[in-house]
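Numbering of ligands and ligand atoms starts at 1, following listing order.
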Amino acid sequence: MSSASIAGFYAEELVWFLTLFLFGLIVGSFLNVCIYRLPRGKSIVAPPSFCPHCGEFIGWYDNIPLLSYLLLGGKCRACKVHISLRYPLVESLTGLLFGFFFYEFVLREGKPLSVYIAYVALASALIVSSFVDLEFYLIPDEITVWGTVLGPIYSLLFPTLHYSANSLRGLALSGNERIDAVVASLLGILVGGGLILFTALFGSIVFRKEVMGMGDVKLMAMVGGVVGWKLSVIIYFLAPFFALALAIPLLGLEKERKLPYAPFLSIATLVVMSFQRPFVEFFDSRTFILSEVVKGLF
Ligand SMILES: [Zn+2]
């Protein structure tokens with residue numbers, strides 16, 4: 001292979017990454033609207049964007065993702081009040097995930113576009129849930145309930161979503177790809193939501209206070225419906241480590257403060273999704289051995 005074609009290969013990947021990064025910036029801009037309006041019970045389609053401080057409508061030229069924030073120096077053009085850093089943060093985070101997921105799953109792993117769409121949709125739902133939770137200590141049902149309902153439906157339409165996460169490999173579930181995918185999604189909902197529900201009940205009995213809310217249960221059910229039960233188990237055990245590493249140092253300053261848990265479930269989900277191959281292989285080798293043992297018994 002000549003060096004030119006290698007360079008060409010990389011250039012093509014870079015173009016894809018940047019294209020989807022830019023698309024993600026636009027989606028991120030819409031997610032910011034959702035983060036502001038959903039917990040306030042406002043419509044996410046109308047009216048057009050306005051400054052939360054002075055109420056002045058924002059022209060399109062001041063509403064370009066990332067760029068406008070930089071050009072305006074992070075201040076509203078009309079009232080000069082500081083615009084929350086959350087806006088460029090959510091936009092760049094969404095952009096990076098849209099670009100990275102395409103590179104990782106479509107270009108490198110060759111997964112179909114339907115899987116990519118499900119993954120970026122889940123990532124978007126997690127971003128909205130996390131930032132609302134950080135501010136309001138609640139997770140909007142509009143996101144998690146619909147997300148949980150859509151998981152199995154999407155799995156029926158695009159069964160490849162659960163191809164590598166086929167829950168009972170070797171035990172010949174139904175033989176029908178679509179039914180297996182729906183079962184995998186439902187199992188993910190049960191395991192993901194169930195683990196958090198169990199923890200919430202356990203916590204309220206042992207500590208006599210709410211350690212986790214129903215919002216977290218619904219969030220993890222939504223995650224499970226997309227990523228399946230295996231990755232849900234890993235996410236469940238990984239999330240507390242992110243909470244320990246990131247939140248406890250902050251909480252140490254302020255006692256008795258509530259801890260929003262959606263951000264940590266979301267970080268764990270995005271990390272596990274991004275580096276899922278070893279986790280899936282770990283589980284697959286064991287369910288395979290298990291299925292061989294079961295077959296050996298008969
Ligand atoms: Zn303003």
Between [X] (side chain only) and [Y] (backbone N and O only), is there a donor and an acceptor less than 3.5 Å apart?
{"X": "Thr269", "Y": "Leu265", "value": "yes"}
{"X": "Tyr116", "Y": "Phe98", "value": "yes"}
{"X": "Arg108", "Y": "Tyr103", "value": "no"}

For this session: Measure from the Zn ion (ligand 1) to each N, O or S atom of His53 and report whether any distance is below 2.8 Å.
Result: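 Checking His53: none of its N, O or S atoms is under 2.8 Å.
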Exercise. How far does OG of Ser155 sit from CD1 of Ile179, to the nearest 0.5 angstrom?
Worked result: 13.0 Å
For this session: Take the Zn ion (ligand 1) as the vertex and measure to SG of Cys79 and SG of Cys54; round to 10°.
Result: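 An angle of 110° at the metal.
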Problem set entry | At the Zn ion (ligand 1): angle between Cys51 atom SG and Cys76 atom SG, to 10 degrees | 110°
